[in-house]
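The analysis underlying the following values was restricted to heavy atoms, covering all of them including side chains, and did not include hydrogens, waters or symmetry mates. Each chain gets a letter, A, B and so on, in the order its sequence line appears, and its residues count up from 1.
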Number of protein chains: 2
Amino acid sequence: MAGPKQTLLEQFAVLGKALSNAHRLDLLELIAQGERSVETLAEAAGLSIANASQHLQVLRRSGLVTSRKLGQQVLYRLSGDDVLSLLAALRQTAERHVAEVGRLVNGYFKEKDKMEPVTRNDLMRRMKEGLVTVLDIRPEQEFAAGHIPGSLNIPLKDLKKRLNALSPETEIVAYCRGPYCVLAYEAVAALRGQGRKALRLEDGFPEWRAAGLPVEKL
Amino acid sequence: MAGPKQTLLEQFAVLGKALSNAHRLDLLELIAQGERSVETLAEAAGLSIANASQHLQVLRRSGLVTSRKLGQQVLYRLSGDDVLSLLAALRQTAERHVAEVGRLVNGYFKEKDKMEPVTRNDLMRRMKEGLVTVLDIRPEQEFAAGHIPGSLNIPLKDLKKRLNALSPETEIVAYCRGPYCVLAYEAVAALRGQGRKALRLEDGFPEWRAAGLPVEKL
DNA sequence: TCTGTATTCAACAAATCAATTGAATAATAT
DNA sequence: ATATTATTCAATTGATTTGTTGAATACAGA
């Protein structure tokens with residue numbers, strides 16, 4: 001009785017179900033930074049290992065992520081860049097049509113950084129001219145898995161003590177995991193509080209890589 | 001303890017949850033054809049009225065659709081064209097990364113129509129030259145709510161008896177609800193079986209309208 | 001006002017999901 | 001082999017989702 005249409009809809013629904021839990025969306029954003037093991041993902045997302053493993057298997061069954069075994073670890077990564085497009089579409093729709101999201105984005109996020117973010121191409125241009133210091137605000141591990149070439153990794157918690165290592169003259173552009181990642185917002189706010197000239201990059205590292213721009217690994 | 005990030009993820013998850021049920025995805029595609037009442041949506045989707053009403057309320061709470069009261073009916077419609085983009089992203093990701101979907105699309109759907117579908121712009125061009133008959137294969141009600149100007153409404157079930165009303169010379173382009181709507185595929189197959197030259201339009205009516213192309217209403 | 005109609009609400013059972021716990025598995029190192 | 005480590009599986013609990021049924025609401029027309 002189930003025609004091809006019905007079967008297709010059920011498969012699409014499996015994909016929707018993968019996106020229907022906040023922890024899984026959190027894991028997806030972490031995985032988007034680069035391939036990672038179950039244990040480190042569990043820790044970064046604040047989940048027990050068994051629970052993280054189960055969420056990751058839901059994501060794998062949905063097709064959004066794939067996994068491979070390396071030694072005794074299982075590494076998860078995004079199935080492709082179109083997953084980023086799907087997440088972007090989800091965010092855009094939520095921002096436009098979910099009152100609560102619009103409120104948060106226009107309140108918490110926009111307030112922290114009234115200025116337009118720097119676009120990727122803008123940043124590329126300014127980097128070539130050597131006019132700018134690029135800060136990667138993510139944890140070390142994510143920086144190690146891939147970052148913008150020439151960027152300096154200063155995780156948010158270390159920003160205060162390492163601030164004086166930066167020349168006070170040059171402009172600073174900060175980035176982190178994605179469009180709503182709070183790390184870069186906090187960093188820009190902190191830097192401006194110190195009288196620095198600081199801006200935020202649009203989106204985050206996964207989008208930079210997906211745009212085909214150069215990437216460096218440790 | 002729930003920071004803004006957590007709240008955002010929970011809201012995104014609400015959107016995902018709306019997409020996590022095959023009946024709701026079915027209803028969404030129907031709503032995308034045009035504003036419709038609960039009763040007609042329930043019938044078209046093969047659901048009881050109470051059940052359809054509940055699914056529709058889930059969709060409304062998620063922000064994907066809105067509703068308004070007209071007389072004693074409640075009419076539901078899409079919140080915006082970005083919902084179509086979200087659905088397209090969902091389909092694309094499923095097609096690329098869910099084995100079962102790839103199998104179905106490359107089997108059932110592609111087989112029925114090996115040729116590339118006609119693009120929207122192509123169809124516009126051919127229509128201007130008067131070289132083509134455009135068939136809308138959807139049920140009357142959906143045709144009435146909006147269709148491609150100059151198209152002829154022949155619901156799939158009426159195709160056989162009304163086939164001879166079409167000039168045997170002109171090429172036929174058929175369309176229906178969307179990229180995986182089976183109606184147009186079946187129609188093209190049936191027409192070709194009768195020795196007609198028939199092609200399928202890419203996607204369906206909602207995408208035509210969202211592209212800003214002209215639309216006619218009864 | 002009374003009547004019929006469209007939709008929503010409320011209550012229920014069955015199924016599914018989420019998180020925890022502890023055991024099982026698989027690969028590596030000793 | 002044995003021990004160690006990373007991950008998955010299985011069993012359990014409580015919460016959520018789904019679909020059904022029948023009642024409640026809201027509204028228009030006679």
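As rounded to whole Å, 12 Å separates atom P of dT18(D) from atom CG of Leu47(B). To the nearest angstrom, P of dT8(C) lies 10 Å from CD of Gln54(B). Rounded to whole angstrom, the span from the CD atom of Glu10(A) across to the P atom of dT16(C) amounts to 12 Å. Going from atom CZ of Arg61(B) over to atom C1' of dC9(C) covers 12 Å, rounded to whole Å. Following rounding to the nearest Å, Leu19(B) (CG) and dT17(D) (C1') show an atom-to-atom distance of 16 Å. One can place NZ of Lys17(A) at 5 Å from P of dC17(C), the figure rounded to the nearest angstrom. With rounding to whole Å, Arg68(B) atom CZ is found 16 Å from dT7(C) atom C1'. In this structure, NE2 of His23(A) is placed 13 Å from C1' of dC17(C), rounded to the nearest angstrom.
A pairwise comparison of heavy atoms in Tyr175(A) and Ser151(A) identifies OH-OG, 3.4 Å as the closest pair. Contact detail for Ala184(A) and Arg200(A): the closest heavy-atom pair is CB-CG, 3.9 Å.
Of all nucleotides listed (dC9(D), dA28(D), dT8(C)), dC9(D) comes nearest to the side chain of Ala50(A). In this structure, of dA18(C), dT28(C), dT5(C), it is dT5(C) that holds the atom nearest to the side chain of Gln72(B). Here the side chain of Glu39(A) is nearest to one of dG4(C), dA6(D), dT8(D), namely dA6(D). Comparing dA18(C), dT8(D), dT8(C) by their nearest atom to the side chain of Arg24(A) picks out dA18(C). In the set dT5(D), dT7(D), dA18(C), the nucleotide with an atom closest to the side chain of Val38(A) is dT7(D).
Under 4.0 angstrom from either OP1 or OP2 of dC17(C) there lies no side-chain N or O belonging to His55(A). When the side-chain nitrogen and oxygen atoms of Asn21(A) are compared with OP1 and OP2 of dC17(C), none of them lie within a distance under 4.0 Å. In this structure, Tyr76(A) does not reach the dA6(D) phosphate: none of its side-chain N or O atoms is under 4.0 Å from OP1 or OP2.
Position along DNA chain D of the nearest nucleotide to Gln73(A) versus Asn51(B) favours Gln73(A) as the more 5'-ward residue. Between Ser53(B) and Ser20(A), it is Ser53(B) whose nearest contact on DNA chain C lies nearer the 5' terminus.
With hydrogens and angles left out, the side-chain atoms of His97(B) and Asp82(A) include a donor and acceptor closer than 3.5 Å. Residues Ser53(B) and Gln57(B) bring a donor and an acceptor atom of their side chains to less than 3.5 Å of each other.
Residue-environment remark: CD (Glu140(B)) stays at or below the threshold of 12 foreign heavy atoms within 6.0 Å.
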